[in-house]
Amino acid sequence: MIRGLIWDVDGTLSETEETHRCAFNESFRALAIDWNWDRPTYKRLLATTGGKERLRAYADEVGADLPDDMLRRLHADKTHRYARLVRLGGAPLRPGVAALIAGAQRHGIPQAIATTTSRANVDALIAATLNRPAPELFQVIAAGDEVKVKKPAPDVFLLALARLDLPPDDCIVIEDSQAGMAAARAAGLRVLITPSEYAHGGDFSAANWVLPDLTSPLPAPLADLLHDHRVA
């Protein structure tokens, strides 16, 4: 039995990266910025983790003058638009996610989120898909704006472990991307990969398990959470 379950958000709980891409493009149009990120461009840009960091990297790549105040305004506008898209049902949970979250709750297993996205994005997604405030389901939420270095650095996972007050060996991480896998492994954690739409083709050889999604037969530590062993 595990003692802690740690979730990534974007691409893991939901295929949110496409929702993020649409929100970025809406903001570019609204703020009269002549950019448009198609799917291949956005997949490439995902190598840079964090929305603000992604904007800065792209501006540097195309030689655009993007002052810090404009970057902050653009990212805030995008966050607002992302939340609206999520509320409208634009980011449903991936298969099996809700069942595993519920199973861990039923067994009294503490759950954490460790993500490069902002706390506002986490709250919007959980409220829209699970109809409850995020802190009611996740005892720990470690967000990207709380650490100095984002994935593939292990910082956000180390923060989640510290708040859970558990050693790495007692926990399993669920991730979707190569950067997330690298971050989890660097923190000493076991990791289950369910590759997302934008992460297919990554090298997941360092993962403990790789599955298409969470409806596939799960490894024993997680499969146990889907069964209620209480005696009637």
Side-chain angles (χ1 to χ4, degrees), residues 7-39 41-93 112-138 140-153 155-156 159-160 163 176-177 179-180 183 196-198:
W7 295 86
D8 172 51
V9 174
D10 291 323
T12 299
L13 294 180
S14 169
E15 292 282 5
T16 50
E17 295 297 5
E18 180 61 11
T19 316
H20 282 296
R21 185 184 73 87
C22 292
F24 274 119
N25 284 335
E26 283 189 9
S27 290
F28 298 154
R29 290 191 294 271
L31 298 179
I33 295 174
D34 189 23
W35 295 352
N36 182 73
W37 289 352
D38 60 18
R39 288 176 182 243
T41 298
Y42 195 62
K43 183 172 184 176
R44 176 174 56 79
L45 290 172
L46 286 173
T48 300
T49 55
K52 290 187 289 291
E53 292 82 358
R54 201 166 297 137
L55 287 166
R56 174 57 67 202
Y58 186 74
D60 292 344
E61 177 184 313
V62 299
D65 181 15
L66 186 67
D68 287 345
D69 60 340
M70 174 56 81
L71 184 150
R72 288 190 293 269
R73 180 184 172 198
L74 178 56
H75 190 260
D77 184 82
K78 175 262 171 182
T79 298
H80 173 76
R81 293 174 186 278
Y82 171 82
R84 180 182 59 81
L85 291 172
V86 167
R87 286 195 302 271
L88 293 173
L93 295 179
I113 280 176
T115 179
T116 59
T117 199
S118 68
R119 176 60 187 267
N121 287 342
V122 173
D123 289 339
L125 180 67
I126 300 306
T129 56
L130 292 167
N131 301 310
R132 293 173 65 182
E136 289 188 6
L137 298 168
F138 301 94
V140 166
I141 299 176
D145 48 10
E146 296 184 90
V147 294
K148 289 184 178 180
V149 187
K150 297 182 178 181
K151 301 173 188 178
D155 299 40
V156 76
L159 178 60
R163 290 177 176 173
D176 75 297
S177 70
S196 64
E197 175 186 350
Y198 277 99

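Here the structure is a predicted model, which is why all the values come from computation and not from measurement.
Residues Ala112 and Ala160 share a closest heavy-atom pair of CB-CB, 4.4 Å. Contact record, Arg54 with Thr49: NH2-CA, 3.8 Å, taken as the closest heavy-atom pair. Residue Gly11 comes nearest to Thr16 through the heavy atom pair N-OG1, 3.4 Å, listed as atom of the first residue, atom of the second, then distance.
Listed by chain and number, the residues in a side-chain contact (heavy atoms from CB on, under 4.5 Å) with Ser177 are Glu175, Ala179, Ala199 (sequence neighbours excluded). Looking at residues two or more places apart in sequence or on another chain, you find a side-chain contact (heavy atoms from CB on, under 4.5 Å) between Glu15 and Arg94, Ser196, Glu197. Legend: residues meeting side-chain hydrogen bond (donor to acceptor under 3.5 Å, both in side chains) with Ser27, ordered by chain and number and at least two apart, are Asp77. Residues satisfying the salt bridge (Lys or Arg N to Asp or Glu O under 4.0 Å) criterion with Glu26, sequence neighbours excluded, are Arg81, Arg84. With sequence neighbours excluded, no residue satisfies salt bridge (Lys or Arg N to Asp or Glu O under 4.0 Å) with Lys52. Under the side-chain contact (heavy atoms from CB on, under 4.5 Å) criterion, Ala120 pairs with Thr79, Ser118, sequence neighbours left out. With sequence neighbours excluded, no residue satisfies salt bridge (Lys or Arg N to Asp or Glu O under 4.0 Å) with Asp176. Residues satisfying the side-chain hydrogen bond (donor to acceptor under 3.5 Å, both in side chains) criterion with Arg44, sequence neighbours excluded, are Glu61. Asp34 meets the side-chain hydrogen bond (donor to acceptor under 3.5 Å, both in side chains) test with no other residue; sequence neighbours excluded.
Going from atom CG of Leu31 over to atom NZ of Lys78 covers 13.5 Å, rounded to the nearest 0.5 Å. Within the model, atoms CG of Leu13 and CG of Leu93 stand 6.5 Å from one another, a figure rounded to the nearest 0.5 Å. To the nearest 0.5 angstrom, Ile113 atom CD1 is 4.0 Å from Phe138 atom CZ. Atom OG1 of Thr115 and atom CD of Glu146 lie 10.5 Å apart (nearest 0.5 Å).
Among pairs with a residue in residues 10-37, those fulfilling ring-ring contact (aromatic ring centres under 6.0 Å, His included) read His20-Tyr82, Phe24-Trp37, Phe28-Trp35, Phe28-Trp37, Trp35-Tyr58, Trp37-Tyr42, Trp37-Tyr58, at least two apart in sequence or across chains.
At distances below 3.5 Å, not a single donor-acceptor pair connects side-chain atoms of Thr116 with backbone N or O atoms of Lys151. At least one donor-acceptor pair closer than 3.5 Å links the side chain of Thr19 to the backbone N or O of Gly90.
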Donor-acceptor contacts, no H, no angles, side chain residues 122-137, under 3.5 Å, sequence neighbours left out:
unit_1 : atom_1 : unit_2 : atom_2 : d
Asp123 : OD1    : Arg119 : NE     : 2.9
Asp123 : OD2    : Arg119 : NE     : 3.3
Thr129 : OG1    : Leu125 : O      : 2.7
Arg132 : NE     : Glu136 : OE1    : 3.1

Using distance only, find each side-chain donor-acceptor pair of residues 65-76 under 3.5 Å and give its atom names and separation, not counting sequence neighbours.
unit_1 : atom_1 : unit_2 : atom_2 : d
Asp68  : OD1    : Arg56  : NH2    : 2.9

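Look at Lys43 and Glu17 and you find no salt bridge, because none of the NZ, NE, NH1 or NH2 atoms lies under 4.0 Å from a carboxylate O.
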